[in-house]
Enquirer: 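This structure is in structure tokens; I'll ask about it shortly.
Letters A, B, ... mirror the listed sequences (proteins, then strands); counts begin at 1. Note that this is a predicted model, so its numbers are computed, not measured.
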2 protein chains.
Amino acid sequence: MSNLSSTFAALGDATRFAIVEKLLQEGELPAGELRSVGQISAPAISRHLKVLRKAGVVEQRIDAQRRLYSVRPEAVQAIGAWSMSYRDFWQKSLDRLEMALIKESKKK
Amino acid sequence: MSNLSSTFAALGDATRFAIVEKLLQEGELPAGELRSVGQISAPAISRHLKVLRKAGVVEQRIDAQRRLYSVRPEAVQAIGAWSMSYRDFWQKSLDRLEMALIKESKKK
DNA sequence: CTTTTGTTTAACTATTATGTTAATTAACAT
DNA sequence: ATGTTAATTAACATAATAGTTAAACAAAAG
């Protein structure tokens, strides 16, 4: 599986996506704090974090008995780079679409 | 599930990701042509296309008995927009990382 | 040393996803 | 009409995922 596809797979679960968004917005957080993304048990969160870590989306730092998690910037950037590598395609397509809509509105 | 998370889920399967990449590179293609992304049966491809369509990643156009598929530009753009909405975060983080690496190399 | 706090691993269950072959639908060509 | 081509839906088997509670582990605090 391509590296990017695993990244997408990791983010393709609603709970994991919420975890990542929370980490992006609030910065590094201990595993326990992430339970607030939904009503979910600590073991479940722990396993989601393991998946995210394995996919290279988050990293872990140890502080005493706590495990602090944060988003790996490379992961978010890689996603952007993928989208941008097809920018020509979607930019042009969307431009054409907009043109068509303007023409349509002028007809009336 | 957030719209973006479903998009990620759709792309989080290696076969589907390959389908999307092929469509991005070669443009609109009939379902049958997409079997070449791997050794996979036609029904399997058909179901993957259904998942991609449901997630809004591809769209279908009918031409006689063929079903022509293409990538929806909005989907790829939405992914880029998400990444870019956190650009400040990853740009700064990567800059810091680079700085640290340069310092490290000068130590030797 | 015992308890508390934070987190992970184990064991198990339920649901979902993926792939296969067979059957069906749809349009075209003879 | 009949066969051919293109694709989907049906039915089924198997594998993977996500959740739970209970147990284990690690460090801190009493």
Enquirer: Identify, with sequence neighbours excluded, every residue that meets side chain to side chain donor-acceptor pair (under 3.5 Å) alongside B:Arg67.
Expert: none
Enquirer: Starting at CD1 of B:Ile19, measure out to CG of B:Leu24 and round the result to the nearest 0.5 Å.
Expert: 12.0 Å
Enquirer: Applying side-chain contact (heavy atoms from CB on, under 4.5 Å), can you list everything that pairs with B:Asp63, at least two apart in sequence or on another chain?
Expert: B:Arg66, B:Leu68
Enquirer: Please list, one pair per line, the donor and acceptor atoms closer than 3.5 Å that link side chains of residues 34-42 of chain A to other protein atoms, with sequence neighbours excluded.
Expert:
from: A:Arg35; atom 1: NE; to: A:Ile40; atom 2: O; distance (Å): 3.0
from: A:Arg35; atom 1: NH2; to: A:Ile40; atom 2: O; distance (Å): 3.1
from: A:Ser36; atom 1: OG; to: A:Lys22; atom 2: NZ; distance (Å): 3.1
from: A:Ser36; atom 1: OG; to: A:Glu33; atom 2: O; distance (Å): 3.0
from: A:Ser41; atom 1: OG; to: A:Ala44; atom 2: N; distance (Å): 3.4

Enquirer: Output every pair passing salt bridge (Lys or Arg N to Asp or Glu O under 4.0 Å) with a member in residues 2-21 of chain A, not counting sequence neighbours, ordered by first then second residue.
Expert: none
Enquirer: Determine which pairs satisfy salt bridge (Lys or Arg N to Asp or Glu O under 4.0 Å) with at least one residue from residues 37-61 of chain A, sequence neighbours left out, and list them in order.
Expert: A:Glu28-A:Arg61
Enquirer: Tell me, which pairs form a salt bridge (Lys or Arg N to Asp or Glu O under 4.0 Å) where one or both residues lie in residues 77-87 of chain A, sequence neighbours left out?
Expert: none
Enquirer: With sequence neighbours excluded, tell me which residues meet ring-ring contact (aromatic ring centres under 6.0 Å, His included) with B:Trp82.
Expert: A:Phe17, B:Phe8, B:Tyr86
Enquirer: Base, backbone or nothing for each nucleotide of nucleotides 14-21 of chain D, written B, S, -, heavy atoms under 4.0 angstrom, 5' to 3'?
Expert: ----BBBB
Enquirer: Is a donor on one side and an acceptor on the other found under 3.5 Å between the side chain of B:Ser83 and the backbone of A:Val76?
Expert: yes
Enquirer: Using atom types as modelled and distance alone, determine if a side-chain donor or acceptor of B:Ser5 lies under 3.5 Å from a backbone N or O of A:Leu11.
Expert: yes
Enquirer: Using the rule side-chain contact (heavy atoms from CB on, under 4.5 Å), only one of B:Met99, B:Glu98, B:Lys92 pairs with B:Arg96; which is it?
Expert: B:Lys92
Enquirer: For DNA chain D, find the residues of residues 62-69 of chain B with a heavy-atom distance under 4.0 Å and give them by number; none if there aren't any.
Expert: B:Gln65, B:Arg66, B:Arg67, B:Tyr69
Enquirer: Within this structure, what is the CD-CZ distance for the pair B:Gln60 and B:Arg72, rounded to the nearest 0.5 Å?
Expert: 13.5 Å
Enquirer: Between the axis at one end of the helix from C:dC1-D:dG30 to C:dT30-D:dA1 and the axis at the other (five pairs apiece), what's the angle to 10 degrees?
Expert: 10°
Enquirer: Taking all heavy atoms of B:Leu49 and all of B:Ala31, pick out the closest pair and write down the distance.
Expert: CD1-CB, 3.9 Å
Enquirer: With the side chain counted from C-beta on, respond yes when B:Phe89 and A:Val71 share a heavy-atom pair under 4.5 Å apart, and no when they do not.
Expert: yes
Enquirer: Can B:Val51 be reached from B:Ile45 by stepping across I, L, V, M, F, W or Y side chains whose heavy atoms are under 4.5 Å apart?
Expert: no
Enquirer: Mind running a 4.0 Å heavy-atom check of residues 23-34 of chain B against DNA chain D and sending the residues that fall below it, in number order?
Expert: B:Pro30, B:Ala31, B:Gly32
Enquirer: Check every nucleotide of DNA chain C for an atom under 4.0 Å from a heavy-atom of chain B, then give the first and the last such nucleotide from 5' to 3'.
Expert: C:dT18 to C:dC28
